[in-house]
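First the structure, in the form of structure tokens, and then the observations on it.
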Amino acid sequence: MSAADPNRRFSVHGADEAPSRAALVKGLTFEDAALQFLDDRHLEAAADDAISLMVEDCETGERQCFRIDLSTGETAPCD
């Protein structure tokens with residue numbers, strides 16, 4: 001990652017999975033990294049399926065959780 005690259009490195013895994021199952025993803029924001037993770041995994045979903053993902057900034061250690069509707073791509077913070 002160069003100084004001109006605005007992407008940051010994030011570790012992303014299912015909220016119910018062990019952190020050792022995480023994937024490294026580049027993104028502009030936590031939400032962007034979560035959506036990139038889903039795009040990379042090519043997950044198919046039923047109309048009412050959603051997934052919760054834990055996203056951690058590899059540089060700062062800050063963590064955020066997102067619930068993503070797999071049919072629409074809408075995101076919201078985890079409950």
Looking at V25 and A33, what are the two nearest heavy atoms and their distance? CG1-O, 3.6 Å

Do D16 and S52 touch side chain to side chain, with heavy atoms closer than 4.5 Å? no

Would Q36 and D40 satisfy side chain to side chain donor-acceptor pair (under 3.5 Å), going step by step from the backbone distance to the final call? CA-CA 6 Å; Q36 183 63 45; D40 290 349; 2.8 Å; yes

Whether D39 side chain and L35 backbone form a donor-acceptor pair below 3.5 Å: no

Close side-chain approach of V55 to R63, heavy-atom, < 4.5 Å: no

So, E56 and S11: side-chain donor and acceptor under 3.5 Å apart, yes or no? no

State the CD-OG1 distance between E31 and T75, to the nearest 0.5 angstrom. 3.0 Å

Run the side-chain contact (heavy atoms from CB on, under 4.5 Å) test on M54 and V12 for me, step by step, so that the C-alpha distance in whole Å, both residues' side-chain angles and the decisive distance to 0.1 Å come before the verdict. CA-CA 6 Å; M54 185 61 65; V12 184; over 6 Å; no

How far apart are the closest heavy atoms of A34 and F66, and which atoms are they? CB-CD1, 4.3 Å

Between CG on residue L38 and CD1 on residue I51, distance to nearest 0.5 Å: 6.0 Å

Partners passing ring-ring contact (aromatic ring centres under 6.0 Å, His included) against F10 (at least two apart in sequence or in another chain): F30

What is the distance from atom CG of L70 to atom CZ of R41, rounded to the nearest 0.5 Å? 13.0 Å

Separation between CZ (F37) and CG (D32), nearest 0.5 Å, reads 14.0 Å

Does this structure show an ion pair linking R8 with D57, if we count only N-O contacts that are shorter than 4.0 Å? yes

Non-hydrogen side-chain atoms of D69 and D49 separated by less than 4.5 Å: no

